[in-house]
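Comments concern the structure below.
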Amino acid sequence: MSRRLVAGVDSSTQSTKVEVRELDTGAVVARGSAPHPGTTPPRSEQDPQAWWSAFETAWSAAGSPDIDAISVAGQQHGMVVLDSDREVVRPAKLWNDTESAPDAGWLIKQLAGGAADWAAAVGSVPVAAFTVTKLSWLHRSEPDNWARLAHVVLPHDWMTFRLTGELVTDRGDASGTGYWAAATGEYRSDVLAIIDKDRDWSTVLPRVAGAGEVVGKWHGAKVACGTGDNMAAALGLGLEPGVAVLSLGTSGTAYAVSDTPTADPSGAVAGFADASGRFLPLACTLNATKVTDAIGRLLGVDHAEFDRLALATPAGAGGVTMLPYFDGERTPNLPKATGLLAGLRSDVSREQLARAAVEGVVCGLLDALDALAAQAPLSAVRLVGGGARSAAFRQVIAELCDLPVSLADADEAVATGACVQAAAVALDISHAEVAQRWGLGDAAPLDAANGDTAGVRARYAELRSATHPSTS
């Protein structure tokens with residue numbers, strides 16, 4: 001008897017990855033990947049067709065298997081605009097496109113209570129990343145394209161559409177738009193009316209499918225509703241309340257599963273929904289491994305040598321401190337910020353520069369974690385993402401974090417989470433039952449090295465506050 005298989009797709013900013021697993025055991029049997037075109041904010045756009053082409057390449061690399069079910073997890077927030085024929089009108093604006101930063105400020109002012117009213121309405125305060133600000137940007141910047149708009153969907157929605165022909169989304173990804181309320185499970189057409197009061201928004205927005213719903217078929221395989229990348233990662237990690245995830249990719253995120261919705265009027269924590277029926281408060285930084293990659297490029301070293309340099313000098317980097325806001329920042333909300341290096345002396349070393357880059361990124365992530373802890377009780381931290389493979393990142397996080405830190409046993413948590421969704425519809429069981437059957441959620445504790453880390457976060461906070469007084 002042949003094995004039953006399911007597939008999970010991770011359509012991220014940088015690439016499409018396909019993971020194929022045995023339905024019964026969860027064992028990985030094949031993987032494939034293909035890159036997406038590179039982008040650099042403030043304008044960060046991609047042609048959605050490039051995602052589909054990457055999927056076809058990745059699917060072929062994975063062996064084009066016969067599967068029972070498939071699901072797509074995608075980068076959150078991106079705006080894909082379709083015309084009445086469901087053709088793409090213009091390149092998709094991605095989550096890290098910051099051209100709509102002025103629109104975020106304008107939208108906040110349109111509600112009488114400002115940020116507090118936005119948090120109460122949709123669980124989050126608009127920032128440049130959210131789809132609602134990108135719609136406002138399109139309305140004011142490209143009237144001809146606005147006139148052609150018939151549907152707006154998210155990146156994972158568009159990929160699901162290509163699989164099934166259906167325009168459908170899920171509660172997790174919908175909660176990152178800025179016009180769907182996690183607390184009530186409803187679109188807020190009154191919020192969208194701020195942008196265009198004459199449009200019938202009920203015809204524009206995709207249906208929000210149930211967590212375990214089959215939304216269509218692709219080559220005979222069931223297609224699950226998919227979700228946003230962070231929501232999928234939570235499924236792939238078997239995440240339970242109380243455990244925070246620090247994800248180190250191009251950007252950084254801190255998030256946790258919660259049984260209750262959150263609404264942070266400061267805007268630091270977005271009140272998202274998860275993919276299973278609970279909630280996923282999340283704080284995001286725009287700059288994580290892209291910072292260490294940039295400094296590594298300047299130093300002319302690969303990842304392994306960069307790690308060696310960063311770990312060859314004591315904590316504090318000899319007084320060198322980096323603000324890692326290379327391409328603007330989201331936590332804190334500084335879309336026009338740039339990076340800053342302070343404390344340089346004539347004897348500065350390559351090791352100190354590498355260490356300062358790692359410490360700067362980690363301090364920014366821990367600021368996001370602090371904001372998250374104010375919204376949901378936390379007892380432990382789990383590391384995921386490409387940056388979690390770095391010995392330097394692991395050590396510095398373990399040293400500077402006040403909570404126990406562990407390294408998740410998950411190579412590709414987002415693709416794994418999409419596999420969980422596919423298995424849930426294939427077997428007609430819950431995501432939690434799939435995670436339990438597959439043994440997801442293992443993690444290895446990390447021990448902090450014995451080093452003097454006193455003052456690292458304090459110096460970072462002093463530099464941040466002096467440079468950007470609004471963050472004090």
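The figures that follow rest on heavy atoms only: side chains count, while hydrogens, waters and symmetry mates do not.
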Which class fits the ring pair [X] and [Y]: parallel under 30°, tilted 30 to 60°, perpendicular over 60°?
X    : Y    : result
F272 : H77  : tilted
Y460 : Y325 : perpendicular
W51  : H36  : tilted

State whether the side chain of [X] and the backbone N or O of [Y] hold a donor-acceptor pair below 3.5 Å, judged by distance alone.
X    : Y    : result
S136 : V132 : no
D307 : A391 : yes
T133 : A128 : yes
R355 : L309 : no
S430 : E433 : yes
T292 : T289 : yes
W137 : A101 : no
D85  : E87  : no
S175 : A182 : no
Q46  : T13  : yes

For [X] and [Y], which heavy atoms make the closest approach, and how far apart are they?
X    : Y    : answer
A408 : L237 : CB-CD2, 3.6 Å
G228 : A73  : O-CB, 4.3 Å
A115 : P265 : CB-O, 3.3 Å
V425 : G212 : CG1-O, 3.5 Å
G185 : W180 : CA-CZ2, 3.3 Å

Are a donor atom and an acceptor atom from the side chains of [X] and [Y] found within less than 3.5 Å of each other?
X    : Y    : result
S12  : D10  : no
T160 : E166 : no
N287 : T285 : no
T227 : Q421 : no

So ring pair (Phe, Tyr, Trp, His ring centres under 6.0 Å) across residues 208-262, not counting sequence neighbours, yields F55-W218, W59-W218
What do you reckon, is CG of D200 surrounded by more than 12 foreign heavy atoms closer than 6.0 Å? yes
- Message: Around atom CD of Q436, are there more than 12 heavy atoms from other residues, nucleotides or ligands closer than 6.0 Å?
- Response: no
Any [X] side-chain heavy atom under 4.5 Å of [Y] side chain:
X    : Y    : result
L192 : L205 : yes
L383 : L446 : yes
D97  : M79  : no
I295 : F326 : yes
R278 : E240 : yes
R162 : Q49  : yes
C363 : V456 : yes
H156 : T169 : yes

### Task
Output, in order, the C-alpha distance, side-chain angles, deciding distance and verdict of side chain to side chain contact (heavy atoms under 4.5 Å, CB included) for W158 and W52.
CA-CA 9 Å; W158 187 84; W52 185 255; 4.0 Å; yes
Could you walk me through whether L427 and R437 satisfy the side chain to side chain contact (heavy atoms under 4.5 Å, CB included) test, starting with their C-alpha distance in whole Å, then the side-chain angles of each, then the deciding distance to 0.1 Å, before giving a yes or no?
CA-CA 12 Å; L427 295 170; R437 286 191 185 190; 3.6 Å; yes
Between [atom1] on residue [X] and [atom2] on residue [Y], distance to nearest 0.5 Å:
X    : Y    : atom1 : atom2 : result
R171 : L280 : CZ    : CG    : 10.0 Å
S11  : L154 : OG    : CG    : 12.0 Å
T331 : L369 : OG1   : CG    : 11.5 Å
C284 : N230 : SG    : CG    : 7.5 Å
W95  : S44  : CH2   : OG    : 8.0 Å
S406 : D447 : OG    : CG    : 11.5 Å

Self-check item: Stepwise side chain to side chain donor-acceptor pair (under 3.5 Å) check, T416 with R21
Solution: CA-CA 9 Å; T416 298; R21 288 180 176 254; 3.1 Å; yes
So that I can tick it off, tell me whether [Y] and [X] are bridged by a salt bridge, with the cut-off set at under 4.0 angstrom between side-chain N and carboxylate O.
X    : Y    : value
E19  : K17  : no
R31  : E412 : no
D402 : R457 : no

Is it true that F393 and H303 have ring centroids separated by less than 6.0 Å?
-> no
Given side chain to side chain contact (heavy atoms under 4.5 Å, CB included), test D327 with L286 step by step and report yes or no.
CA-CA 7 Å; D327 292 317; L286 290 184; 5.7 Å; no
Set out, in order, the CA-CA distance, both residues' side-chain angles and the distance that settles side chain to side chain contact (heavy atoms under 4.5 Å, CB included) for V9 and T16, then state yes or no. CA-CA 7 Å; V9 181; T16 291; 3.8 Å; yes
Contacts satisfying salt bridge (charged side-chain N to carboxylate O under 4.0 Å, His left out) that involve residues 57-68 (not counting sequence neighbours) are R4-D68
For H431, the ring pair (Phe, Tyr, Trp, His ring centres under 6.0 Å) test, sequence neighbours excluded, returns none
